[in-house]
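Below, chain A is the first sequence line, B the second, and so on; all start at residue 1. Note that the coordinates shown come from a computational prediction; the quantities given were computed from them, not determined experimentally.
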Amino acid sequence: MAFVQNVPFLCIMVSMVSAVISSMVPARIARWWTVFLSALVAALNVWLLTFLLQTNESYTYMMGHFPAPWGNELRVGILEALMTIVFSITILASALGGMDKQQSQISRPKQNLFSVMLDLILAGMISMLYTNDLFTGYVFIEIMTLASCVLIMARQNGRTMVSATRYMIMSLLGSGLITIAITITYSLTGHLLMENIHESMAALHASGEYEVPITVVVGLFFVGIGIKSALFPFHTWLADAYSYSTPSASSILSSVVSKTYIFLLIKILYRTIGFEIIQENRVLQIMFVFGIVAMMAGSIDAIGSNDLRRMCAFSSVAQIGYIYAGMGLKLEAGFVAALYHMLVHSLAKSSMFIAASALSDVSGDSKRFSDLRGAGYRHKMAGVCFSVSAMSIVGIPPLGGFISKLYFGQAAFAYGGAHQWIMLLALAVSSLLNVLYFMRTVITLYRPPRSDFQLPEHRPSRRADIAMCMMTAANLLAGFLAQPIVDLISRGLAMFV
Amino acid sequence: MTNRNDPPKNRFVGWLMGEENPLDDELELIVSTSQQEGRDVLSLEEAERQEEAEELRREKLAIDEKSQSVRIHSWAKHQGAHWLETLYRIAAVVLCGAIIFFLMTTVVALPPFGAENNPYNNEVSQRYIEQGIPETGAVNFVAGMILDYRAFDTFGESTVLFVASCGVIFLLKLNDHSSGKPSRAMLEAEYDDRHHEPKNDGILQFAAKLLTPVILLFGFYIVLNGHLSPGGGFSGGAVMGAGLILYLTAFGFEDTRRFFTYKMTRWISCLPLLCYAGMKSYSFFTGANHIPGGVPLGTPGAILSSGFILPLNICVGFIVMCTMYTFYALFRKGGM
Amino acid sequence: MENFWQVMNQHLDEIVAVILFGVGFTTLLLHRNLIKKILGLNIMDTAVYLFLASLGYVEGRTAPILTDGITSAEKYINPVPSGLVLTGIVVSVSVSALMLALTIRLYRRYHTLDFDQITLMMKGEDD
Amino acid sequence: MNAFGMIVLVFLVICAIATSVSKNLLVSVVIFMAYSVLMSIVWMMLESPDLAITEAAVGAGVTSLLFFITLKKIHAIRGDEEEDHHDEQE
């Protein structure tokens, strides 16, 4: 066994241990350690990815001395490594970009606990991406949920605490449903490891037994993870949570936490239950409908909001709708498009949230559109980064968002039938709505300020600038390198089964 | 197009330009001109008074606005959105009904309860039982399973406790002043605590004196015998935590503070977690790389047996004990 | 009717677990009082664990602790569900502790436990 | 399943519903405590002593303690002394 194959295990353990140590050290060290840690994780995973590309096969990693159906396992493939790289870079940028804000918004003795939570989110993210065991997935879902609750309420005012409570209530409903789904799966198959469940499920499917329970399991997983990742009718916790928490929290929540949940769902659907069973299942149709509705409703809510970060939050709802609609197409192409969209959106949203907080800083700490006029001139970098990310989400050609929409369209064409037209129509309308609200934002940012506007005192944050630039560059890169990335994703997905 | 209403196109352009309400600017304009006039004409004294009045007016306006919004909300609650709430309730009931219905149909279709040949009584559980003693050395198969076969889950579980304790500290811990003196909030909490909690209650103190050692001993017994009998780190730790809580309730913070300061509890809960992580990292790493672990398993049934399970149980026990005590102390007073 | 009783008898624990889950779920969704919500949450969790634990039970076997030196899988119940439920119980106590801490903070700020009222009051205040 | 088991299960459901509908929070929490104890009996009958001991210590013990102290903090349990007159403000 090559040493590089230990990378996932090392990443998980190092981030967990550093979470524990961070709770005992001064806040400044903990903050920089988080940044360093996420960079380290990204670098190690790049190493792992090159190794995997050479060998071109996935492998399993035993957590302990016992092989597959008995012990816990990690499973390492191209797709997981790619996702880990992107998400850890996102965490790096969010931790760096929100660092100055963190210092001013969180009371001093508790700042290192914030870094602890970031480390734990990193650990939970890596474990959920790499795990090969349903129950481990559940445990780390809980860790992520608790840690994100603390992230939301880190800035302790009334709104963040109320939204944290709402977030907890919704998430715990979701966890309850997921546990029941795991229980039923266990009672049908007698396994908790994904590959073994898949074998038993295939046998059950072939014999035609337990048809109702399997459908219910798929439905419960979908609803449970849908609640956690803020799919449309379950998104009520999201707006306040994203718009009032500190910028690193909202950036990480929207671009890492919800995406990791969705990746776990893809893993469950694609690898655990099995793609052939999923394709015959009704639940995916429902998922498609939910996705389409979310695309519309999120955009409409975004148009109706007068608050920059709230608008970004609702835009996230719409983008999560894209991902679910792509998965609901029941095609490999749809899953590829959804995964690529996840990557691009997480890059764009994190830079957008950081830029939004920088823009509101130069407008007297207000997020309202009427105060944001001319903010693009006052903070040029943030204005440019925000506009580029907005263009990416809207789908302006060379950028990533355009390409993901293209792939969604292609997948819909490949599916044919009524789905094709519904998907295309939804894509068109939703893009139009996206154009509307982002155009409004960009125009506002570059309008001359009101006559009585006085430039408020503020300290520009060099770190936030670096983070924004990094994410915008990554976003551009994801657009230019779209073909290789999509190739990687399809290779990873082929390895997945 | 009448003059009275803005033509919709304008309003749209206005929205696009980032104005929430097209009338906003006009209103502001009026206010600012009146201020301008006042400043120009009046003398210094008058201007001051004017400003004061202005300040008052603004405050009043703010209060009005606030009460206005509260009133609007309460109106929305009582009349406007009443049907919305009814709708929510109906939807919730329907959702619950649907979930129960689906689960019932599923449950009834599942393999029957308690039968021997159910799919989950397969080679997995068979190996846990039949190979459990030679492979883990634990007589309690559940302990062997959670602390050796599926140890990664259990490590995650201890981390959940750690996250929760950090979250509770984040929410409820009152900050010390940087100068080392207790802050106002802390003094108030202290007063509140003294006022509401039992103080020098003879019966309670006698009972606590009698019971606390027994409870702690019992909890530690459960922890130490985790691999031999039912129980283990979690239950034993909770029992020990309960014993400490009883002592705290009877004798107050003055007594417990001699040993359980905030720093101390943090150390007692973090160090075992680190030990846990170290031990498990060792066994994960050796296991995955097919290096023999080299931990002696001992004689099954003896207290010093089953490799890492005993030290792991002790670690977990301390983590759980400290976490429970931390929860209670923070809930009660926001400090130790 | 006979069929019904047979089904009931075969799945009694599971059915009770589903009923409890329903009770907990309804409490969590419908009660406005935060403490009640947390109680409902706990009931919901324990219901799921009852369901899970009932999977392990096999008629006529004993607890999975070595007795009389017999190491045959025929003698003991399935230890897997017990292990999973142990994990679950700890997760649920951590979650309720965090939720209760949130409740205390919200009460200190708004002097009420009614979550709807708290939401309204929150909307009334500025940032 | 024997008669005793059935009775315990029925009581479990009754306790859950009573916890949900009772008007007084303190009563709810006490019933919830009873519910936890019953649950640990059920687990004992399902031959899982590990779970029974954990539920008795954690569910009936520590969780209920946390509920009680919370109720005390939010003044849902009133002592026989005078009303508290200083509310902690953020």
Query raised in the report: Leu12(D) versus chain C, heavy atoms under 4.5 Å apart: side chain, backbone, both or neither?
Result: both

Report task. Could you look at Val42(D) and say if it's the side chain, the backbone, both or neither that has a heavy atom under 4.5 Å from chain C? Result -> side chain

Query raised in the report: Do Thr46(C) and Tyr35(D) get their side chains close enough for a donor-acceptor pair, meaning under 3.5 Å?
Result: yes

Query raised in the report: Side chain, backbone, both or neither: which part of Val10(D) has a heavy atom under 4.5 Å from chain C?
Result: neither

Report summary line: Heaviest contributor of heavy-atom pairs below 4.5 Å to chain D, chosen from Ile19(C), Val90(C), Thr62(C), is Thr62(C)

Requested in this report: Could you grab the distance from atom CE of Met39(D) to atom CG of Leu20(C), nearest 0.5 Å is fine?
Outcome: 5.5 Å

Requested in this report: Please state whether the side chain, the backbone, both or neither of Ser96(C) comes within less than 4.5 Å of a heavy atom of chain D.
Outcome: side chain

Report task. For chain C, find which of Thr19(D), Val62(D), Val29(D) contributes the most heavy-atom pairs closer than 4.5 angstrom. Result -> Thr19(D)

Query raised in the report: Leu39(C) versus Ser20(D): any side-chain heavy-atom pair under 4.5 Å?
Result: no

Query raised in the report: Any sub-3.5 Å donor-acceptor pair from Lys36(C)'s side-chain atoms to Ser22(D)'s backbone N or O?
Result: yes

Report task. Name the option with the most non-hydrogen atom pairs under 4.5 Å to chain D; the candidates are Val93(C), Ile77(C), Leu50(C), Ile104(C). Result -> Leu50(C)

Query raised in the report: Would a distance-only check, ignoring hydrogens and angles, find a side-chain to backbone donor-acceptor pair under 3.5 Å from Tyr49(C) to Gly88(C)?
Result: yes

Query raised in the report: Quick one: what part of Ile35(C) sits under 4.5 Å from any heavy atom of chain D, side chain, backbone, both or neither?
Result: both

